[in-house]
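Worksheet: the structure to be examined is printed underneath.
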Amino acid sequence: MGTRSRVDQLDSEILDAMGELITSLVARGEQIAQRFGVPAFCLKALHVLDSSMAMRDLGRYMHCDPSFVTAIADLLEKRGLATREASTADRRIKNLVLTPEGVGLRRKVEREFMARMPWRVLDEDERTCLLSLIRKMTLAESAATPTTASSTPSTTASGTPTTTRTPKSTTTPPTTGEKGRGR
């Protein structure tokens with residue numbers, strides 16, 4: 001068994017660190033959800049719903065099945081946190097809208113969530129850099145899909161073959177920290 005190159009070792013450590021970060025974020029989310037008496041999966045829906053949103057759009061944003069969006073809507077509605085309303089553009093479309101109680105809970109949850117985030121130890125410039133790096137990685141990942149990128153073979157300085165992905169679209173996400181809703 002050979003030893004890892006410096007790059008492979010660094011990639012392995014990044015993967016481990018990212019796994020630890022994600023595990024920590026999920027655990028914090030579950031603790032906050034439990035504290036406020038809502039299932040953890042509802043936290044993202046509360047975060048996303050800052051205005052009326054079609055349930056199908058919520059499902060796309062949350063990357064979940066329409067039946068799961070219905071379950072989320074049912075739960076939020078049962079707890080008095082949201083209501084379903086017919087769209088003014090198309091009555092067949094149901095929008096999910098937070099009630100005043102839902103807006104209040106959303107504010108409380110977000111305030112606590114943001115206060116407990118690990119990047120709070122970073123100064124503003126470091127957080128701006130972190131956001132930029134995360135967006136760069138997610139943009140590269142979305143550009144790497146076969147429908148949006150073309151592969152260009154190349155080699156490293158040591159002659160190892162690699163594949164460089166060149167995105168067809170070079171739209172850069174905003175770096176201001178504003179919420180990218182994708183709507």
Side-chain angles (χ1 to χ4, degrees), residues 1 3-51 53 55 57-82 96 98 101-145 165 167 171-183:
M1 186 175 218
T3 61
R4 290 183 176 172
S5 70
R6 276 186 60 222
V7 172
D8 288 344
Q9 181 63 34
L10 180 60
D11 284 346
S12 179
E13 289 179 31
I14 291 170
L15 181 62
D16 291 345
M18 291 297 288
E20 291 168 12
L21 176 63
I22 291 167
T23 299
S24 170
L25 292 174
V26 168
R28 288 172 194 206
E30 288 172 353
Q31 290 168 351
I32 291 168
Q34 187 175 35
R35 183 170 178 268
F36 287 101
V38 295
F41 60 82
C42 287
L43 294 181
K44 188 170 185 179
L46 285 171
H47 175 69
V48 171
L49 290 169
D50 62 351
S51 63
M53 179 182 282
M55 289 177 54
D57 294 338
L58 179 62
R60 277 190 219 122
Y61 188 82
M62 293 181 66
H63 306 285
C64 63
D65 187 80
S67 64
F68 190 63
V69 174
T70 300
I72 292 170
D74 289 346
L75 189 138
L76 292 175
E77 205 168 38
K78 182 179 178 181
R79 294 181 184 216
L81 301 173
L96 197 57
L98 291 180
E101 293 81 12
V103 170
L105 179 61
R106 183 175 138 237
R107 284 187 191 129
K108 290 176 189 174
V109 166
E110 285 188 348
R111 193 172 27 251
E112 182 160 334
F113 208 94
M114 293 307 164
R116 297 176 69 187
M117 290 298 95
W119 51 80
R120 297 292 295 220
V121 300
L122 305 175
D123 65 34
E124 186 177 350
D125 288 340
E126 290 170 324
R127 293 204 310 255
T128 300
C129 181
L130 175 62
L131 176 61
S132 178
L133 291 170
I134 291 169
R135 288 192 170 147
K136 182 177 181 177
M137 288 185 290
T138 56
L139 180 63
E141 178 63 26
S142 66
T145 59
R165 300 247 180 217
T171 305
T172 304
T175 58
T176 61
E178 76 182 56
K179 296 176 187 173
R181 295 277 192 230
R183 290 187 252 174

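Throughout, numbering of the chain's residues begins at 1 and tracks the sequence.
The side-chain heavy atoms of Pro118 and Leu25, taken from C-beta on, include a pair separated by under 4.5 Å. Inter-residue side-chain proximity for Asp16 and Ser12 is flagged as met; some heavy-atom pair is nearer than 4.5 Å.
In this structure, CG on Asp11 lies 8.0 Å from OG on Ser5, to the nearest 0.5 angstrom. To the nearest 0.5 Å, the span separating CE on Met55 from CG on Leu58 amounts to 7.5 Å. Here the CG-CD1 distance, from Leu139 to Ile134, works out to 13.5 Å after rounding to the nearest 0.5 Å.
Judged purely by atom type and a 3.5 angstrom limit, Thr128 uses its side chain to pair as donor or acceptor with the backbone of Glu124.
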### Message
Please evaluate residues Glu20 and Thr23 with respect to the criterion side-chain contact (heavy atoms from CB on, under 4.5 Å), reporting the C-alpha separation (whole Å), side-chain torsions for both, the decisive distance (0.1 Å), and the verdict.
### Response
CA-CA 5 Å; Glu20 291 168 12; Thr23 299; 5.7 Å; no
### Task
Run the numbers on Val103 and Arg107 for side-chain contact (heavy atoms from CB on, under 4.5 Å), then give the verdict.
CA-CA 6 Å; Val103 170; Arg107 284 187 191 129; 3.6 Å; yes
### Task
Would you check, one step at a time, whether the test side-chain contact (heavy atoms from CB on, under 4.5 Å) holds for Leu98 with Leu105?
CA-CA 10 Å; Leu98 291 180; Leu105 179 61; over 6 Å; no
### Query
Checking side-chain contact (heavy atoms from CB on, under 4.5 Å) for the pair Leu81/Val38: CA distance, chi angles, key distance, verdict?
CA-CA 10 Å; Leu81 301 173; Val38 295; 4.2 Å; yes
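The shortest non-hydrogen separation linking Arg106 to His47 is NE-O, 3.8 Å. For Asp123 against Asp125, the heavy-atom pair with the smallest separation is OD1-N, 3.0 Å.
Surrounding CZ of Arg116 are more than 12 heavy atoms belonging to other residues, nucleotides or ligands, all under 6.0 Å away. Within a 6.0 Å sphere centred on CE of Met117, other residues, nucleotides and ligands contribute more than 12 heavy atoms. A 6.0 Å sphere centred on CD of Gln34 holds no more than 12 heavy atoms belonging to other residues, nucleotides or ligands.
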